[in-house]
Amino acid sequence: MSTIPLEHFLLMSAALFCIGLYAVLTRRNLVIMLIGIELMVNAGVINLAAFGAFETSHHEGQMMGIFAIVLSAASVAVALAIILKVYQQFNTIEPGKIDTLRN
Amino acid sequence: MSVYTLIFYFFGLMMLASALYAVISTNLVRSVFSLFLTFFSVAGILVFTRADYLAISQLMIYVGGILVVLLFGIMLSDKNVLELVGRKGRKAIAASVLNRVLGAGLALLLFAVLACVFLDDGWKSVVSESQQAEPIQSTGFMMMTTYLLPFEMISLLLLMALIGAAYIARKPKHNR
Amino acid sequence: MMNNLNATVLLEQITGSLPYFLPEIVCSLVFIVAIFIDLFTRKQSRSLVPFFVFAGLLLALFFTLDQFRMVKEEIWLFNGMIRLSPAGIIYKLLFLLAAMVTHILSIRSKAIRLAPKGYAEFFIMLPVFIVGLNIMSMSSHLLMIFLGMEMVSIASYILVAYMAEQPRSAEAAVKYALFGALSSAVMLYGISLLYGLTGTLSLQGSTFLANLSKAPEYISALAILMVLAGFLYKISAVPFHFYVPDVYEGTPAPVIAFLSTAPKAAGFAVLFTFIGVFTLPMESYHLVWPKFNWENILVFISICTMTLGNLSALAQKNVKRMMAYSSIAHTGFMMMPLLVFSEMSAASLVFYIVVYVLMNLAIFLLVGHMEDAYGATELESYKGLAAFNPLLSVCMVIVLASLVGLPPTGGFTGKFLVFSSVLEAYRISHNPWLLYLLVAAVLNTVIALFFYLRLPLYMYFRKAEKIYTSKTPLYLLVIMCLLVAGILMAGVFPSELVKWISAHTAETAQIRFK
């Protein structure tokens, strides 16, 4: 069984991270922004698992990955509940139109 | 190239393509379904790091949990949310194009930096070349010993998030 | 590989750690029991849950105070996951103090009491919030740092979204939550890079730093900057500050009194731990940054934070927004001792944070009361309010003087200690950036004078448009007097407090500077 070099894992995670960042930066829609953030978390998890596989001592990376997934699930639940409320108040989920608090 | 590596690159390609589609699609439901593929492929890639338990958690939590929550969130809101791009003036379209170009530029810049970082030989000094499989028993062992405190704390956190999300999403009673 | 001997040792560590973890255990149990009380008594009695939670917080306070007796030096608990130090207990006391003041204010606050969906959940959140803050301030493992920060962040989103039936609160909450999730995603990526570079997540021992020194400089720089994004968000420093004014404006004052103090103090505690890892123990105070000197970056961020906070505060009409920028400016000041990292700066940081917590609790108590009693949210509406409420107005002047940093208040002593610790470090290292930092800090104190004193100007020297009749509730006066007394004590008799704090922080610093 041949092995896949570490760099390939890392490059994939970097690409995934940047796609997520693009989604957040363009700010088209709150749900899409949340999706982008989740992609970034996934990129971090791939990184952790890849480093964990190549690091011989404790496999801490895998444990950290598990916790990171659960934590992001919790924050997605809360963030979606808030987005739902925003939709009920403003009737839109476009960040540009939700703008009552100003200097 | 063996079948093993072929499957890996297939998953990688699928992950990136579906993530890109999820991000640029104009229909929210389509992008969530495309996200299903992304999360599934991420789990596939995690299998190649020999982190089996992590891959299973990814499937259960992301594909089974987060996606369903996302879909519920969309279904609970109105139909017209699903149409992302409404009717807009020429100015708004120009602004959104500029927005996208800027976003894409920044993301590509970061990717270039990260690619430089990852192709550096610096990692070689830290990581070893031999991959070791992680038996699932030792994951459980660590969960119950070294990582017992975070394990307990995360259960507390999930309970808190559950109550909080339920409270926020609940509709107020009108008879109060 | 999984021999029983190893398991026994690990489990003994855990059972041995439990007595040192009592405050957190109490808070967790209170949280869980409170949920059930709410479930079964919701119909009969609405005040049972707040009462029970307050009793639980008192019990946790007792156990936290007891830890001063138990803990004389740093101890590592739960197999190196967290580290309990005497300085950490001071932070834990501050969190409990902030939570209890918030609790009392919230019971009486119009906004929370009249929340359309009931208020039990608000009080249920408080004990678990405390657990998160304690974990965050004690953590010595990157996993625990991340977990503690997420716990605090998610609890904060929930508290901010508590009023989400109003558009402004919903908007504030969504900005807060999405931006927080983004910064923690970036931080996770940074942690993964640090893990790749060092092969360990534990900050205990020297493995982390030794391995990091072998890595190429620019990679570790990138990783550290990404992790810093998470910390800077938590302490609301530039450029991760812009959500702050919106959140403060859209959220009830008692909630802000808590969110502007406790999570920020915890953020500084964890940042202090994190920076401590990267500095080598030396004979002098002089710091060694073995890889990638990010001291100057932090100096730059600190200068930007205090300047931007103060200048933006000058332009504000809304009092809560003004106080939001004021708390950003204070973040800049509190970052100063972090950069120096000497025995003295450790004490001055804790002193400043203690005073900051007292000041911010007091000011948001006042702002909240003015809003509830007189409907005053804009600066204009504070006109002539001093005539109706002489005692609280005097308190307000004292608190504002302390926020500026005028003697004889605690704010002055705090600024004095911080400035002198930076000056001392400059004498040793001759880093010109430290000098710029000092100059910027002094200039900022002068700018701060102008916007803080606008408030008493309006209250005392302008005519009121309406006649108000409103009685100040007794509980509010008592808390207010206690907080103001604390601020004045810290200013008039600082030596005792400084001595007490440095006795607790010295031990942490001595290990480092042996």
Side-chain angles (χ1 to χ4, degrees), chain B residues 49 51 54 66 73 109-128 132-176, chain C residues 1-2 6-7 9-11 13-14 17 21 24 28 31-32 35 77-82 114-118 121-122 124-125 128-129 131-132 135 141 143-144 147-148 150-151 154-155 157-159 161-162 164-165 173 189 193 196-199 211-212 214-220 222-223:
Chain B
T49 66
L54 185 56
I66 293 182
L109 188 72
L110 182 72
F111 181 71
V113 172
L114 285 175
C116 281
V117 163
F118 290 143
L119 293 175
D120 195 294
D121 287 341
W123 304 99
K124 301 254 159 41
S125 65
V126 193
V127 297
S128 66
Q132 275 193 345
E134 167 85 335
I136 205 152
Q137 288 96 330
S138 86
T139 309
F141 179 74
M142 279 162 74
M143 198 83 99
M144 282 296 126
T145 53
T146 320
Y147 291 87
L148 185 68
L149 179 68
F151 185 69
E152 294 299 330
M153 286 302 125
I154 211 162
S155 63
L156 213 58
L157 181 138
L158 283 176
L159 187 57
M160 174 188 81
L162 189 74
I163 292 174
Y167 179 87
I168 295 167
R170 195 163 77 208
K171 280 206 170 104
K173 285 181 194 151
H174 290 290
N175 52 9
R176 277 246 170 105
Chain C
M1 57 173 290
M2 272 182 291
N6 192 11
V9 172
L10 289 172
L11 288 178
Q13 247 283 328
I14 289 166
S17 306
F21 206 59
E24 291 77 14
S28 315
F31 168 64
I32 294 166
I35 295 170
L77 304 174
F78 295 100
N79 304 309
M81 282 287 151
I82 55 176
L114 302 179
K117 290 185 288 193
E121 279 87 350
F122 180 87
I124 292 176
M125 284 300 148
V128 74
F129 207 131
V131 175
I135 294 276
H141 189 278
L143 171 56
M144 286 314 280
L147 186 118
E150 278 288 280
M151 205 161 171
I154 294 175
Y157 311 151
I158 295 171
L159 289 196
Y162 205 76
E165 296 305 319
Y189 205 77
L193 292 184
L197 288 171
T198 62
N211 284 341
L212 194 65
K214 287 184 219 145
E217 189 164 343
Y218 76 105
I219 301 184
S220 42
L222 184 76

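Chain letters run A, B, ... following the sequence lines, proteins first, then strands; residues in each count from 1. In this text, all values refer to a predicted model and were calculated from it rather than measured experimentally.
- Considering only heavy atoms from C-beta on, B/L159 comes within 4.5 Å of C/I35 through its side chain.
- With sequence neighbours excluded, no residue forms a side-chain contact (heavy atoms from CB on, under 4.5 Å) with B/L162.
- Contact of the C/E121 side chain with the B/R170 side chain is registered, since non-hydrogen atoms from C-beta on lie closer than 4.5 Å.
- Note that CG of B/L149 and CG of C/L143 are 9.0 Å apart. Values are rounded to the nearest 0.5 Å.
- Nearest approach of B/L156 to C/S28, heavy atoms of both residues: CD2-OG, 3.5 Å.
- If you take CD on C/Q13 and CG on B/L148, they are separated by 12.0 Å, rounding to the nearest 0.5 Å.
- For C/M81, the part lying near chain B is the side chain, with the backbone staying farther off; criterion is any non-hydrogen pair under 4.5 Å.
- To the nearest 0.5 Å, the span separating OH on C/Y189 from CG on B/L110 amounts to 8.0 Å.
- Across B/A161 and C/I158, no two heavy atoms sit closer than the pair CA-CD1, 4.3 Å.
- Across B/K171 and C/K117, no two heavy atoms sit closer than the pair C-CD, 4.2 Å.
- For a residue to count as touching a neighbouring chain, one of its non-hydrogen atoms must lie under 4.5 Å from one of that chain's; by this rule C/I32 touches chain B with the side chain only.
- The minimum heavy-atom distance between B/L157 and C/L147, with the atom names listed, is CD1-O, 4.4 Å.
- Looking at C/Y162, the atoms closer than 4.5 Å to chain B (heavy atoms on both sides) sit in the backbone and in the side chain alike.
- If you measure heavy-atom distances from C/I14 to chain B, the contacts under 4.5 Å come from the side chain alone.
- No side-chain heavy atom of B/Y167 sits under 4.5 Å from any side-chain heavy atom of C/I124.
- Applying the side-chain hydrogen bond (donor to acceptor under 3.5 Å, both in side chains) test to C/Y157 and every residue at least two apart in sequence or in another chain returns nothing.
- In this structure, the separation between OG1 on B/T146 and CG on C/L10 is 5.0 Å, given to the nearest 0.5 Å.
- Both the backbone and the side chain of C/A155 come within less than 4.5 Å of a heavy atom of chain B.
- Nearest heavy atoms, C/Y218 versus B/C116: OH-O, 3.5 Å.
- Summarising the geometry, atom CZ belonging to C/F78 is positioned 7.0 Å from atom CE belonging to B/M153; distances are rounded to the nearest 0.5 Å.
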